[in-house]
Amino acid sequence: MNADIEHLLRVEAPQVLGALVRRFGRFDVAEDAVQEALLTASRVWPADGVPDNPRSWLIRIGYRRMVDLLRADQSRRRREQEAGVAELAMWEPGRGPGAARETDDSLALLLLCCHPALSAASQVALTLRAVGGLTTAEIAHAHGIPENTMGTRISRAKQRLARAGARFTPPTDADRDSRMAAAMQVLYLIFNEGYTASTGDWLVRVDLTSEAIRLTRMLHASVPADVEVTGLLALMLLTEARRPARTSGHDELVPLDEQDRTRWDRDLIREGTELIDSVWDRREVGPYQLQAAIAAVHAAATSPQQTDWPQIAALYLWLERLNPIPPVRLSRVVAVAKAYGPVRGLALLDDLNRRFQLGRDPLIRQRERAVRAHLLRMTGDAAGAASLYREAASLTGNLVEQRYLLDQADRLG
């Protein structure tokens with residue numbers, strides 16, 4: 001399918017879904033209807049051309065499919081009644097879908113998909129499908145699981161939303177912060193999975209990083225004064241800027257210190273730096289702002305030697321106090337080792353392991369071994385480093401990362 005058409009469908013998907021949900025109040029059925037409308041457009045538009053008003057075209061197809069879906073379930077009287085109302089809306093003069101509204105429903109849909117009744121995995125999957133416009137097959141491929149498994153996950157998520165009485169409404173003052181926090185966490189998870197894929201032959205899933213950035217731009221446009229949303233967008237842009245240099249021409253992983261920094265995307269660095277600078281002097285400072293600030297320090301260094309590691313170590317300490325999670329603690333170990341030497345880094349890692357069992361945490365146990373191996377190599381313990389590199393390689397499902405770790409071990413003997 002033409003890339004321009006694909007982009008247009010993804011942009012219009014949440015607006016079409018919002019129109020159907022607002023009209024019928026049935027997210028679960030409306031979402032299926034929208035997916036069918038998108039599939040129809042993907043078949044028709046490349047041959048016949050994009051209609052003058054693509055949103056209205058999609059809404060019209062979605063309405064018709066909605067009627068079909070509601071009619072199909074004759075076992076529940078309420079659905080039959082809704083089907084009758086829907087048919088009247090379609091065929092009675094003045095009661096059809098009409099022109100597409102210009103209301104942007106993206107934020108309301110994103111927050112609905114990030115409802116607290118859903119697990120994080122379900123929130124991510126539903127967001128990618130309902131707001132991102134990805135097909136179930138695309139989402140399944142990105143997560144490395146069968147399409148029917150992902151379809152079941154999405155279906156159950158929609159059923160859970162219905163049972164929880166989730167409504168298609170903007171956040172209230174009472175629940176805004178919690179709902180925004182959930183939405184940002186979902187976007188952060190999508191980006192991270194794309195930036196270092198947990199499984200597969202490729203280090204990066206550009207489709208996921210691009211989608212996370214697109215959705216975060218949308219969120220930022222909806223709430224431009226939210227400093228943490230700004231920080232999240234800045235973090236993604238500054239991190240994505242380094243992607244072209246993360247792998248060699250043979251798709252081998254290239255560590256940060258060895259990357260060709262002329263390949264970094266300077267436009268993304270400029271945009272991300274301007275974003276974080278615009279909110280850095282505010283009173284409130286959150287985890288995403290701090291992570292963006294760390295990324296900005298990296299981006300400002302034209303060579304590894306110019307990196308201000310003491311400043312990065314201080315920012316990680318601040319971040320750890322705000323968000324004391326294992327990945328942050330391990331990142332602080334790396335920063336301390338870079339700033340003050342591997343012996344001090346190992347001492348900090350040993351202390352954190354004693355207190356927080358970092359090496360046993362399933363989220364970072366692979367990276368903990370890789371970090372320790374790197375520090376041991378810096379102290380001259382080649383045998384200990386090689387053993388840990390191999391152990392770390394056995395714990396990752398990403399083949400690019402695995403090859404890199406095994407190569408490091410082989411170099412040490």
Side-chain angles (χ1 to χ4, degrees), residues 3 7 188 190-197 200-214 216-217 220 230-280 288-316 331 334-339 341-342 345 367 370-371 374-375 377-378 389 396 398-408 411:
H7 176 72
Y188 184 71
I190 293 171
F191 182 84
N192 283 346
E193 173 59 27
Y195 197 69
T196 303
D201 297 335
W202 304 97
L203 180 67
V204 178
R205 290 298 310 258
V206 179
D207 52 344
L208 289 183
T209 57
S210 298
E211 190 59 22
I213 290 173
R214 186 184 75 82
T216 306
R217 286 189 186 279
H220 179 254
T230 303
L232 178 60
L233 179 56
L235 170 62
M236 289 184 182
L237 296 176
L238 289 164
T239 305
E240 177 70 4
R242 302 198 298 265
R243 178 178 56 80
R246 289 184 71 216
T247 54
S248 68
H250 303 290
D251 200 40
E252 299 296 328
L253 189 149
V254 180
L256 179 62
D257 285 355
E258 300 174 19
Q259 289 176 12
D260 178 1
R261 300 187 179 213
T262 64
R263 297 181 64 197
W264 289 3
D265 190 321
R266 291 295 155 185
D267 290 335
L268 290 182
I269 289 174
R270 188 178 306 108
E271 183 183 1
T273 301
E274 289 174 356
L275 282 169
I276 190 58
D277 286 347
S278 72
V279 296
W280 190 247
Y288 296 119
Q289 291 166 268
L290 285 170
Q291 290 178 77
I294 291 167
V297 175
H298 281 298
T302 57
S303 69
Q305 295 75 24
Q306 292 182 337
T307 304
D308 190 345
W309 282 108
Q311 183 181 3
I312 292 175
L315 288 169
Y316 269 120
S331 293
V334 175
V336 166
K338 290 285 190 180
R367 187 165 170 249
V371 167
H374 180 68
L375 299 183
R377 183 178 65 180
M378 292 174 67
Y389 275 130
T396 179
N398 187 288
L399 298 182
V400 175
E401 192 173 27
Q402 189 179 86
R403 285 197 304 268
Y404 169 79
L405 292 168
L406 290 175
D407 181 60
Q408 297 305 303
R411 291 182 182 184

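Heavy-atom basis, side chains included; hydrogens, waters and symmetry copies ignored. Quick caveat, the model's predicted, so the values are computed rather than measured.
Side chain of Thr307 to backbone of Trp309: no donor-acceptor contact under 3.5 angstrom is found. No side-chain donor-acceptor contact under 3.5 Å links Arg263 to the backbone of Ala245.
Under the side-chain hydrogen bond (donor to acceptor under 3.5 Å, both in side chains) criterion, Arg261 pairs with no residue at all, not counting sequence neighbours. Glu274 meets the side chain to side chain contact (heavy atoms under 4.5 Å, CB included) test with Arg270; sequence neighbours excluded. With sequence neighbours excluded, the residues satisfying side chain to side chain contact (heavy atoms under 4.5 Å, CB included) with Tyr195 are Phe191, Thr209, Thr239, Glu240, Arg242, Arg243, Arg246.
The line from CD of Gln408 to CG of Leu253 is 9.0 Å long, rounded to the nearest 0.5 Å. Interatomic distance, Leu235 CG to Leu290 CG, rounded to the nearest 0.5 Å: 10.5 Å. Taking OG1 of Thr216 as the start and OH of Tyr288 as the end, the distance is 9.5 Å to the nearest 0.5 Å. If you take NZ on Lys338 and CD1 on Ile312, they are separated by 10.0 Å, rounding to the nearest 0.5 Å. Atoms NE2 and CG, from His374 and Leu405 in turn, are 12.0 Å apart once rounded to the nearest 0.5 Å.
Between Glu258 and the choices Asp260, Leu256, Val254, the side-chain contact (heavy atoms from CB on, under 4.5 Å) rule is met once, by Val254.
Side-chain contact between Val334 and Arg367 is present, with heavy atoms from C-beta onward closer than 4.5 Å. Between Leu275 and Leu237 there is a side-chain heavy-atom pair separated by less than 4.5 Å. Taking 4.5 Å as the limit, some side-chain heavy atom of Tyr188 sits within range of a side-chain heavy atom of Gln291. No side-chain heavy atom of His298 sits under 4.5 Å from any side-chain heavy atom of Leu238. Inter-residue side-chain proximity for Ile269 and Asp265 is flagged as unmet; no heavy-atom pair is nearer than 4.5 Å.
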Kindly determine whether Leu315 and Val297 satisfy side chain to side chain contact (heavy atoms under 4.5 Å, CB included), including the steps that lead there. CA-CA 10 Å; Leu315 288 169; Val297 175; 4.2 Å; yes
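Checked for salt-bridge contact, Glu252 and Arg403 meet the test: a charged N lies under 4.0 Å from a carboxylate O.
Using modelled atom types and a 3.5 Å distance limit, the side chains of Thr230 and His220 yield a donor-acceptor pair.
Taking every heavy atom of both residues into account, Gly272 and Ala234 meet most closely at O-CB, 3.5 Å.
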